[in-house]
Amino acid sequence: MQAKIHVTPDGVLSKIDDRLFSSFVEHMGRAVYTGIYEPGHPTADPDGFREDVRELVRPLGLAYIRYPGGNFVSGYNWRDGIGDKDKRPVRRDLAWFALEPNQVGVNEFVTWCRSVGSEPMMAVNLGTGTAKDAAELLEYCNVEGGTELSDLRRSHGYEKPHGIKLWCLGNEMDGPWQICGKTAEEYGRLAHETAKMMKWMDETVELVACGSSHRQMPTFGSWERTVLRHCYEDVEYLSLHSYYKDLDKDPYSFLSCGEQMDGFIKEVAQICREVKGELGSSKDIYLSFDEWNVWYHFRMDKQDPEKWIVARPIEEEEYNFLDALAVGCLINTLINNADTVKIACLAQLVNVLAPIMTVPGGPAWVETTYWPFLHACRYGRGDALSVEIGSPSYECSYGTVPYLSAAAVLSKSGDLVTLFLVNRNLEEDLRLQLDGLRGDITEWHTLEGFGLYDINTPESQKIAPSTRGACDISDITLPKASWNVIRVKLK
Ligand code: AHR
């Protein structure tokens, strides 16, 4: 089977915002407790954070890490997580039916986040919380000193302000599962008033308003319009969330997830343009795809763990090789929409729907999905190039889908083009004709040759990339069912 792509170094679609390579740590399951934080673990630092986890997070070079939720944030009082650890309250977390000991709060998280080279993307509680709570959290975090809350932070040992720039106005407020969910009218008004107070408190912050929880919500579209009509001028971004699944064991349909995500992005971007026109605004709203991933195995296979315990082990996915290919397709879609999507968070980072897993008291290890994400984080920075694909296609429940999924990035240095390619043909290799690029292939990383449903475990992480030997640019064959990162040094 043969396909071709046409890419040229001057065919720039958009600069890629580094924040496209971000992730998410929620107080959920074992993401925080026994995930990033486990005092007493052999690798724990004096603050209780696991160094072995850090060693797997750092190479990702994540721009931002979203925190503390997710659904958790809608019942969270940020004041519970500051001050002396032994005086902090233990509470029931009604989002995930766990006990929250509050041993990690905003100060500890910001310190950890920066220790892995990332910036925090904070969410404020707009479920049980108020505009005043949100503005006060911002005062605590970002005001230098001389006010009650900034001085309180200093008294907690954080002399310098945290300088947190990016904030989410709540989370999935349209969801009936959300603690104190809202109608679009209620949320739009609250987002507007909260944004006003937050920007008066610190005019440098950037804000993300909640879009629909996912494309299938009955209010999708009308929610975005109503919310934006209330707060268009107050926010910089609108959120999108989406998780993809292979419930029917129909891999070809599952691998159309990139096309599904593409359609969703384009619909939301169109709504933003329409509201802009309607309001006569001169400003553009960009998209924050702040939850994306594959999510489904856990719910199918596992019993619900005991409630009201700390570090309740929920949503610990076992990602297989097929899931890694799906993540590759989703990454390509994000890069190909870099003109509208400026922030994207793989949800999540550790233990919960995560590329990085831990054994309490034991090792940290990586799931299959770690690898395409690492490749994108490492090689996906620069300018997104337009890619014209000519590929045979297949029919699936989504419709007609090309076997080849592709994205191309011109490095910041301007002398390398990285191609991200998924051969979605699960039975046949794909010969690739590459038009428009002159140069030599200097690196080719691939995930290939595994069973679709093979997984990694703490004992064996056999699903890992291999490197292909030297190869001519005119002689590229993508193995069946494979993720490929091909780097071309331009002549
Ligand atoms: O990422 C897991 C959960 O998925 C988040 O808490 C919520 O926002 C979404 O429904």
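All values below were derived from every heavy atom in this structure, side-chain atoms included, with hydrogens, water molecules and symmetry-related copies excluded. Fair warning: this is a prediction, and the values are worked out from it, not measured in the lab. For ligands, and for the atoms within them, numbers begin at 1 and follow the listed sequence.
Cation-pi contact between K249 and Y453: present, with separation from the ring centre below 6.0 Å and deviation from the ring axis of at most 45°. For the pair R66 and F24, the cation sits on the ring face: its NZ or CZ lies under 6.0 Å from the ring centre, inside 45° of the axis.
Looking at residues two or more places apart in sequence or on another chain, you find a side chain to side chain donor-acceptor pair (under 3.5 Å) between R114 and E119.
Residues T358 and N351 have side chains that bring a donor and an acceptor to within less than 3.5 angstrom of each other. Side-chain contact, W78 with E136: no donor N or O sits under 3.5 Å from an acceptor N or O.
For a heavy-atom separation below 4.0 Å, the residues in contact with ligand 1 are F24, E26, M28, G70, N71, W96, N171, E172, Y243, E291, W295, Q348, L353.
If you look at W292 and Y244, their ring centroids are not closer than 6.0 Å.
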